[in-house]
Colleague: 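Next up is a structure, given as structure tokens.
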Amino acid sequence: MAIVPSSIVTRNMADFAKQTGNVYKSVSVISKRANQISVKLKEELNSKLAEFATTVDNLEEVFENREQIEISKYYERLPKPTNLAIEEFLEGNVYVRTPDVETDEISL
């Protein structure tokens, strides 16, 4: 029997349509949220790694910093932004707004 990675999960597509009424709209919302998470994580990682930045161009003076490697490994082990966004969406922690519908309701 083959070992299936924990990142591969079979999802019920009907669960995605519950919140928005449309699977494709839900996937779009999840995609936008995943991008937000990705940008946030990248900014966090870059700010932590900036502490180790050197202005030395000489390769002989560049050395491995154990703490820097551990920080990088920590961020590599985190769940992927897409998986985090899917979980947030299915748990109802993502606010979905449709501007076209809201402006139509206001004008009525």
Side-chain angles (χ1 to χ4, degrees):
M1 184 170 155
I3 298 174
V4 179
S6 61
S7 62
I8 299 175
V9 178
T10 303
R11 305 269 186 194
N12 183 354
M13 296 307 288
D15 293 341
F16 288 103
K18 286 180 185 174
Q19 192 171 347
T20 62
N22 184 326
V23 173
Y24 301 105
K25 187 182 286 186
S26 296
V27 170
S28 175
V29 168
I30 291 169
S31 170
K32 290 175 184 176
R33 179 63 185 138
N35 285 337
Q36 291 173 343
I37 293 170
S38 177
V39 167
K40 182 181 139 212
L41 288 174
K42 187 173 182 178
E43 287 174 354
E44 283 179 14
L45 175 61
N46 287 339
S47 69
K48 289 181 181 180
L49 293 179
E51 298 172 11
F52 303 103
T54 61
T55 56
V56 177
D57 289 335
N58 187 352
L59 290 177
E60 294 173 1
E61 295 181 26
V62 176
F63 60 95
E64 290 185 9
N65 186 327
R66 206 80 190 127
E67 190 176 350
Q68 183 179 7
I69 293 170
E70 290 303 316
I71 289 171
S72 295
K73 285 183 179 181
Y74 169 78
Y75 278 91
E76 287 176 4
R77 287 189 299 263
L78 286 176
K80 301 295 181 214
T82 305
N83 291 341
L84 293 172
I86 289 170
E87 291 304 317
E88 286 182 3
F89 183 80
L90 293 177
E91 292 171 0
N93 296 333
V94 177
Y95 175 71
V96 179
R97 179 178 63 159
T98 309
D100 297 333
V101 174
E102 290 174 4
T103 56
D104 290 344
E105 290 175 0
I106 292 171
S107 62
L108 293 176

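One is the number of the first residue; the rest follow in order along the sequence.
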Colleague: What do the steps show when you test Gln19 against Val29 for side-chain contact (heavy atoms from CB on, under 4.5 Å), and what is the final call?
Modeller: CA-CA 11 Å; Gln19 192 171 347; Val29 168; over 6 Å; no
Colleague: Which residue is it: Asn46, Val39, Leu41, Leu45? I am looking for the one with a side-chain contact (heavy atoms from CB on, under 4.5 Å) to Glu43.
Modeller: Val39
Colleague: Write down the atom of Ala85, the atom of Ile30, and the distance for their closest heavy-atom approach.
Modeller: CB-O, 3.5 Å
Colleague: Would you say the side chain of Ile86 lies within less than 4.5 Å of the side chain of Phe16, judging by non-hydrogen atoms?
Modeller: yes
Colleague: Tell me whether Glu67 at atom CD has more than 12 heavy atoms from other residues, nucleotides or ligands lying less than 6.0 Å away.
Modeller: no
Colleague: Same cluster for Phe89 and Met13 if Ile/Leu/Val/Met/Phe/Trp/Tyr side chains link at under 4.5 Å?
Modeller: yes
Colleague: To the nearest 0.5 Å, tell me how far Arg33 CZ sits from Ser28 OG.
Modeller: 14.0 Å
Colleague: Where is the tightest heavy-atom contact between Glu76 and Lys80, given as atom of each residue plus distance?
Modeller: O-NZ, 4.4 Å
Colleague: Search all heavy atoms of Pro81 against all heavy atoms of Ala34 and return the closest pair with its distance.
Modeller: CB-O, 3.5 Å
Colleague: Take atom OH of Tyr75 as the centre, draw a 6.0 Å sphere, and report whether it contains more than 12 heavy atoms from other residues, nucleotides or ligands.
Modeller: yes
Colleague: With the threshold set at 4.0 Å, does a side-chain nitrogen-carboxylate oxygen contact exist between Lys32 and Glu88?
Modeller: no
